[in-house]
Amino acid sequence: MNEEELRAVVIGELRPLEGPILLVDYDPDWPQRFAREAERILAALGPAVLQLEHAGSTSVPGLAAKPIIDIVLVVADSTDEDGYVPALEAAGYILRIREPEWYEHRMFREREANVNLHVFSPGCEEVDKMLIFRDWLRENEADRQLYERTKRELVQQKWKFGQEYADAKTAVVEEIVARAGWPRSGPR
């Protein structure tokens, strides 16, 4: 995604990275951090939460990661922002990304707890893909090591925006999810 494309989906100011991307060894506190945030989200949204998952590298024991907890939230309709955005904002999450062209994805930031909250609608194949990737890395040491090596190499480069780093991981992520059996065939 180039800078113009980023500006089209970012809500508010587009902020360049302030320094190098920080990658740290796995922290056994990450699942507890997710659990605290999950409670907070459930308290804010109640039955509007259809699915809530810890995703991303912090959800994979033993994997080095940026110390940002990625959470996947499924609501009835991610485009119905009136149905969930005010409650999440009241709980301290700030809507930062709106991507109508990419699964109607919304992403919130919570800076104190260092969280990225990704919102999708039911049946979104990206949710399935993220969870398949997570589960595969939890079980497959060789691919977990490959992914970590790739990330360690990429953080050595200079990036203007974090999305550039994320995009640079795409090839290895696609390679790994293919080994994990993605795309799945048949009904979900």
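Bear in mind the structure is a predicted one, so any value in this text is a computation, not a measurement. FYI, the numbering just counts along the sequence from 1.
By the 4.5 Å heavy-atom criterion applied to side chains, Val127 and Tyr103 are not counted as neighbours. Looking only at side-chain heavy atoms (C-beta outward), Glu81 and Leu95 come within less than 4.5 Å of each other. The shortest side-chain heavy-atom distance between Leu88 and Leu45 falls under the 4.5 Å cut-off. Residues Arg138 and Pro61 meet the side-chain proximity criterion, which asks for heavy atoms closer than 4.5 Å.
Classification of the Phe120-His118 ring pair by plane angle, with boundaries at 30° and 60°, yields parallel.
Ion pair Glu53/Arg134 flagged as a salt bridge, since at least one NZ, NE, NH1 or NH2 atom sits closer than 4.0 Å to an Asp/Glu carboxylate oxygen. With respect to Glu175 and Arg179, a salt bridge is recorded, a charged nitrogen being found less than 4.0 Å from a carboxylate O. Residues Asp25 and Arg152 are paired through a salt bridge, judged by an N-O separation under 4.0 Å between the basic side chain and the carboxylate. Remark: Lys169 does not engage Glu153 in a salt bridge, criterion side-chain N to carboxylate O under 4.0 Å.
Shown here for Ser57 and Lys151, the closest heavy-atom pair between the two residues is OG-NZ, 2.7 Å. A pairwise comparison of heavy atoms in Lys66 and Thr58 identifies O-CG2, 3.5 Å as the closest pair.
Neither side chain, Asn114 nor Arg33, offers a donor N or O lying under 3.5 Å from an acceptor on the other. If you check the side chains of Tyr165 and Gln157, you find no donor sitting under 3.5 Å from an acceptor.
Each of Arg96, Arg36, Arg40 was compared with Glu110 under the salt bridge (charged side-chain N to carboxylate O under 4.0 Å, His left out) criterion, and only Arg40 meets it.
Residue pairs meeting the ring pair (Phe, Tyr, Trp, His ring centres under 6.0 Å) criterion with at least one partner in residues 40-94, sequence neighbours excluded, are Phe34-His54. Residue pairs meeting the ring pair (Phe, Tyr, Trp, His ring centres under 6.0 Å) criterion with at least one partner in residues 2-23, sequence neighbours excluded, are absent.
Checking side-chain atoms of Asp167 against main-chain N and O of Met1 turns up a donor-acceptor pair under 3.5 Å.
Under the salt bridge (charged side-chain N to carboxylate O under 4.0 Å, His left out) criterion, Glu3 pairs with Arg7, Lys160, sequence neighbours left out.
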